[in-house]
There are 2 protein chains.
Amino acid sequence: MAQPDTVERILDAAEELFAERGFSETSLRMITSKAEVNLAAVNYHFGSKNALIHAVFARFLTPFSATLEKAFDELEESCGDQPPTLNQTLWALTDSAVQMPQRNEKGISIFMRLLGLAYTQSQGHLRKFLEQEYGDPFSRFMRLLKTATPQLSAVDRYWRIQFMLGATAFTMSSSDALRDILQNKTGVETSVQEIAMRLVPFLAAGMQAEDTMLVPPKGSKVSVA
Amino acid sequence: MAQPDTVERILDAAEELFAERGFSETSLRMITSKAEVNLAAVNYHFGSKNALIHAVFARFLTPFSATLEKAFDELEESCGDQPPTLNQTLWALTDSAVQMPQRNEKGISIFMRLLGLAYTQSQGHLRKFLEQEYGDPFSRFMRLLKTATPQLSAVDRYWRIQFMLGATAFTMSSSDALRDILQNKTGVETSVQEIAMRLVPFLAAGMQAEDTMLVPPKGSKVSVA
DNA sequence: ATTGGCCTCAAACGTATGTTTAAAACAGAC
DNA sequence: GTCTGTTTTAAACATACGTTTGAGGCCAAT
């Protein structure tokens with residue numbers, strides 16, 4: 001066959017199929033037949049299916065984390081001795097995600113969906129790989145969030161960050177479907193960037209909510225343990 | 001063997017394993033050996049693995065949706081001609097989830113995790129089943145949200161609801177893991193109820209955020225299409 | 001005691017998976 | 001043209017899966 005760049009063809013096919021169907025639900029045979037390469041090529045070039053999953057993540061996470069680090073550098077520099085605000089931090093992350101060079105028009109939503117899957121389908125090996133390889137920019141983001149929300153207790157902040165991650169990963173991981181639904185219902189077209197612009201204020205408001213609500217309203221059956 | 005209630009033993013085991021590992025990653029052999037029943041029992045009593053998944057959801061979703069409808073009834077009645085507020089609506093939902101009778105101490109987090117999985121791992125057949133069987137209370141919840149947020153445009157509301165669902169499903173789908181992480185880091189114990197009590201104010205604040213941020217801040221590379 | 005309907009059981013079925021093998025094809029260097 | 005290392009190929013491998021089978025057990029009704 002002698003097609004050019006077997007490795008990249010496999011990565012492209014795997015990326016798309018993983019994003020569409022998840023990891024366990026995507027077989028090597030689906031990948032290799034979509035990539036139009038021999039079944040054995042995956043194990044020859046990558047060693048195993050798990051290693052292929054890692055490679056798929058590495059291909060977009062490595063440049064992304066570099067971009068992100070640079071964005072954080074610029075942000076901290078431009079702020080002088082003031083710590084960056086919550087909004088600035090969130091926008092730095094959003095900008096970095098949106099401006100990533102895309103391999104195709106589906107690029108950014110695949111990117112998002114894979115991140116979501118990494119979180120929800122994380123199969124041990126993936127989580128370990130991601131932590132080890134890309135833990136640093138993540139920790140840095142966490143540190144920025146911490147200094148940007150000094151009013152929050154550590155526990156509150158922890159949970160609210162989880163809520164943010166959830167809203168983001170979930171929305172982005174199904175952004176294609178959600179966009180289509182909205183388009184069918186209202187005829188409104190929505191770009192990923194617009195979704196991001198709606199998401200950030202939502203997250204910022206949530207993060208900065210006053211927690212006067214920690215006691216449920218009158219009549220609620222929820223009680224503090 | 002003549003153990004009592006094979007059907008229920010299978011449901012218990014399946015519920016727990018699905019919540020722990022997801023659907024495709026849980027085999028019938030794992031389920032039957034945990035339940036200490038014969039492998040063929042699943043196909044005999046349920047017909048197929050997919051039907052078993054449906055049965056697991058039906059077992060807790062049927063009473064839950066009944067409780068929820070009742071909670072909405074009471075809420076609307078107690079409000080008279082005023083429509084229920086956003087906070088009231090969210091708390092009605094939360095209350096209904098928390099007060100569900102639990103089969104064991106892990107009950108509610110299993111419940112939540114399954115709901116999260118239903119959203120993120122939805123395998124077509126499950127989504128169709130859930131829509132068909134439990135679409136009504138869901139639509140009602142949506143209607144309540146709409147009247148509780150008249151200030152939002154339909155498009156804004158649509159996206160913010162997605163953000164809420166995301167934060168909820170996502171957090172709940174990994175709540176066990178997140179609780180453990182927090183416990184290891186800070187020694188703080190967290191109940192599902194406490195998570196819910198932190199989540200609701202976050203969601204309410206996000207829903208009611210002013211969208212002055214729809215234009216990204218100075219220097220952002222994000223631009224309106 | 002025998003029948004008949006539900007249930008259980010061990011075993012097998014067919015299929016799909018990730019992985020390995022060994023031969024063939026290829027490309028560049030000498 | 002021959003050799004060398006890399007890549008591709010078709011085939012097979014071992015294992016796991018969901019499902020089906022048919023024989024047997026159980027128990028209440030006849």
Side-chain angles (χ1 to χ4, degrees), chain A residues 1-59 114 117-118 121-129, chain B residues 1-59 117 121-129:
Chain A
M1 194 127 307
Q3 291 278 24
D5 240 4
T6 303
V7 170
E8 208 143 329
R9 296 163 61 81
I10 293 175
L11 285 173
D12 286 340
E15 179 179 83
E16 200 160 334
L17 286 171
F18 285 152
E20 266 173 30
R21 329 176 19 102
F23 304 115
S24 330
E25 292 81 2
T26 303
S27 71
L28 292 185
R29 284 168 176 80
M30 292 179 197
I31 294 170
T32 54
S33 88
K34 178 174 186 125
E36 290 178 312
V37 302
N38 187 275
L39 167 62
V42 169
N43 285 279
Y44 176 77
H45 286 287
F46 297 93
S48 70
K49 183 182 180 181
N50 279 353
L52 169 62
I53 297 178
H54 296 176
V56 166
F57 275 89
R59 184 167 66 148
L114 285 178
L117 287 183
Q121 297 206 352
S122 209
Q123 295 152 286
H125 72 94
L126 221 197
R127 183 165 302 224
K128 217 166 292 176
F129 169 78
Chain B
M1 194 127 312
Q3 290 280 19
D5 237 3
T6 302
V7 169
E8 208 143 331
R9 298 164 57 81
I10 293 175
L11 284 173
D12 287 339
E15 181 179 81
E16 199 161 334
L17 286 171
F18 285 153
E20 265 174 30
R21 332 178 13 107
F23 304 115
S24 328
E25 292 81 2
T26 302
S27 71
L28 291 185
R29 284 168 176 83
M30 292 179 198
I31 295 171
T32 53
S33 88
K34 177 173 186 125
E36 291 178 311
V37 302
N38 187 274
L39 168 63
V42 170
N43 285 280
Y44 176 78
H45 286 287
F46 297 93
S48 68
K49 182 180 179 181
N50 279 354
L52 170 61
I53 297 177
H54 296 177
V56 166
F57 275 88
R59 185 168 63 150
L117 285 182
Q121 296 206 356
S122 208
Q123 296 154 284
H125 73 97
L126 221 197
R127 182 165 304 224
K128 216 166 292 175
F129 169 78

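A note on names: the letters A, B, ... follow the listed sequences, proteins ahead of strands, and every chain is numbered from 1.
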Side chains of B:Glu25 and B:Glu20 in contact at under 4.5 Å (non-hydrogen atoms): no

B:Arg21 side chain vs B:Thr26 backbone, donor-acceptor pair below 3.5 Å: no

Separation of atom CD1 in A:Ile10 from atom C1' in D:dT9, rounded to whole Å: 13 Å

Per-nucleotide protein contact string for nucleotides 11-24 of chain D, where B marks a base within reach and S marks sugar-phosphate only (heavy atoms under 4.0 Å, - for neither): -B----BBBBB---

Donor-acceptor under 3.5 Å (A:Asn38 side chain, A:Ala40 main chain): yes

D:dT8 OP1/OP2 closer than 4.0 Å to side-chain N/O of A:Thr6: yes

Dot-bracket pairing map - DNA chain D, Watson-Crick plus G-U, both contacts under 3.5 Å, | cross-strand: |||||||||||||||||||||||.||||||

Test side-chain contact (heavy atoms from CB on, under 4.5 Å) applied to A:Arg29 - qualifying residues, sequence neighbours left out: A:Ser27, A:Leu39

Partners meeting salt bridge (charged side-chain N to carboxylate O under 4.0 Å, His left out) with A:Arg59 (sequence neighbours left out): A:Asp12, A:Glu15

Of all pairs that satisfy side chain to side chain donor-acceptor pair (under 3.5 Å), the ones with a partner from residues 44-53 of chain A, not counting sequence neighbours: A:Asn50-A:His125

Atom-pair distance (CZ on A:Arg21; P on C:dA16), nearest Å: 13 Å

ring-ring contact (aromatic ring centres under 6.0 Å, His included) against B:Phe129, all qualifying residues, sequence neighbours excluded: B:His54

Distance below 4.0 Å between B:His45 side-chain N/O and C:dC6 OP1 or OP2: no

Test item: B:Leu52 and B:Leu28 side chains (from C-beta on) under 4.5 Å apart, heavy atoms: yes

Distance, rounded to the nearest Å, where A:Ile31 contributes CD1 and C:dA16 contributes C1': 15 Å

